[in-house]
Amino acid sequence: MAPKRDSADGVYAISVAAELSGLGLSSLRLYERKGLIAPSRTEGGTRRYSEDDMQRLEHISELVEAGLNLEGIKLVLALEAENAQLRAQLAKARATPAR
DNA sequence: TTTCTAACA
DNA sequence: TGTTAGTA
């Protein structure tokens, strides 16, 4: 059967995540430590990076190159998430003929 | 693979 | 402050 995969459960080991993102192994671990990213874990405790995580890593990579430090990036990611949520609410409100 | 530590820029 | 290398 066709195994259904979600962008939220793409499974990458940290080594391939580092390879694809162009970052170092230690850096990825540091990012998680700083709270910039939160990959899921297997029972054994190994990190599993999803497709979403990969996009997030690329995003982080861009911000790093922009000159932001990890704390700053953390704030940007939080604000972007909040902004996306607010936009979704606004779109929903506009689509509702309530009035 | 994980974590921690130390050194470097 | 963030990355890299070596370790158990």
Side-chain angles (χ1 to χ4, degrees):
Chain A
M1 320 247 155
K4 298 175 181 165
R5 49 178 196 219
D6 208 324
S7 68
D9 56 40
V11 178
Y12 299 98
I14 188 171
S15 58
V16 335
E19 193 76 22
L20 297 177
S21 64
L23 296 166
L25 300 178
S26 308
S27 297
L28 298 188
R29 296 188 179 115
L30 180 63
Y31 293 167
E32 181 180 11
R33 208 163 222 248
K34 292 285 186 176
L36 273 62
I37 194 168
S40 60
R41 299 285 192 128
T42 62
E43 294 181 9
T46 60
R47 297 175 178 77
R48 310 308 303 228
Y49 290 84
S50 69
E51 202 63 54
D52 289 344
D53 290 329
M54 295 309 298
Q55 290 189 323
R56 195 179 177 84
L57 281 178
E58 279 210 32
H59 193 162
I60 292 172
S61 181
E62 291 177 9
L63 296 176
V64 168
E65 290 183 36
L68 289 164
N69 63 23
L70 301 187
E71 280 305 311
I73 293 174
K74 186 176 178 180
L75 290 175
V76 170
L77 292 175
L79 289 173
E80 287 180 340
E82 183 181 5
N83 183 269
Q85 184 184 8
L86 291 173
R87 281 178 177 279
Q89 287 181 12
L90 180 59
K92 185 177 183 180
R94 279 175 171 162
T96 304
R99 198 185 307 173

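Below, chain A is the first sequence line, B the second, and so on; all start at residue 1. All values below were derived from every heavy atom in this structure, side-chain atoms included, with hydrogens, water molecules and symmetry-related copies excluded.
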Q: Could you check whether any side-chain N or O of A/S7 sits under 3.5 Å from a backbone N or O of A/E51, counting only pairs where one atom can act as donor and the other as acceptor?
A: no
Q: Please work out if A/I14 contacts a base, only the sugar-phosphate, or nothing of the nucleic acid, heavy-atom cut-off 4.0 Å.
A: sugar-phosphate
Q: Tell me the interatomic distance from A/L25, atom CG, to C/dA5, atom P, rounded to whole angstroms.
A: 10 Å
Q: I need the CG-P distance between A/L28 and C/dA5, as an integer number of Å.
A: 14 Å
Q: Considering just the side-chain nitrogens and oxygens of A/S26, establish if one lies under 4.0 Å of OP1 or OP2 belonging to C/dG2.
A: no
Q: Treating A/D6 as the side-chain partner and A/D9 as the backbone partner, does any N or O pair qualify as donor plus acceptor under 3.5 Å?
A: no
Q: Do A/E80 and A/R56 meet the salt-bridge criterion of a basic N to acidic O distance under 4.0 Å?
A: no
Q: Atom CD of A/E32 to atom P of B/dT1: distance rounded to whole Å?
A: 14 Å
Q: Show the nearest heavy-atom pair for residues A/D53 and A/I37, with the distance to one decimal.
A: O-CD1, 3.6 Å
Q: For the pair made of CG in A/L30 and C1' in B/dC8, what is the distance, rounded to whole Å?
A: 15 Å
Q: Name the closest nucleotide to the A/N69 side chain, picking from C/dT4, B/dT2, C/dT1.
A: C/dT1
Q: Taking the side chain from A/S21 and the backbone from A/A17, do they hold a donor-acceptor pair closer than 3.5 Å?
A: yes
Q: Taking any heavy-atom pair under 4.0 Å as a contact, classify A/R29: base, sugar-phosphate, or nothing.
A: base
Q: If you compare every side-chain N and O of A/Y31 against the phosphate oxygens of C/dT3 (OP1, OP2), does one of them come in below 4.0 Å?
A: yes
Q: So what's B/dT3 paired with, Watson-Crick or G-U wobble, going by both distances under 3.5 Å?
A: none
Q: Can you check the A/R33 CZ to C/dT1 C1' distance for me, whole Å?
A: 15 Å
Q: Please work out if A/R41 contacts a base, only the sugar-phosphate, or nothing of the nucleic acid, heavy-atom cut-off 4.0 Å.
A: sugar-phosphate
Q: How many whole angstroms separate atom CG of A/L63 from atom P of C/dG2?
A: 13 Å
Q: Round to a whole Å and report the spacing from CD of A/E71 to P of C/dG2.
A: 7 Å
Q: The side chain of A/R47 lies closest to which of these nucleotides: B/dT3, C/dG2, C/dT3?
A: B/dT3
Q: Can you measure A/Y12 atom OH to B/dT1 atom C1' for me and round it to whole angstrom units?
A: 19 Å
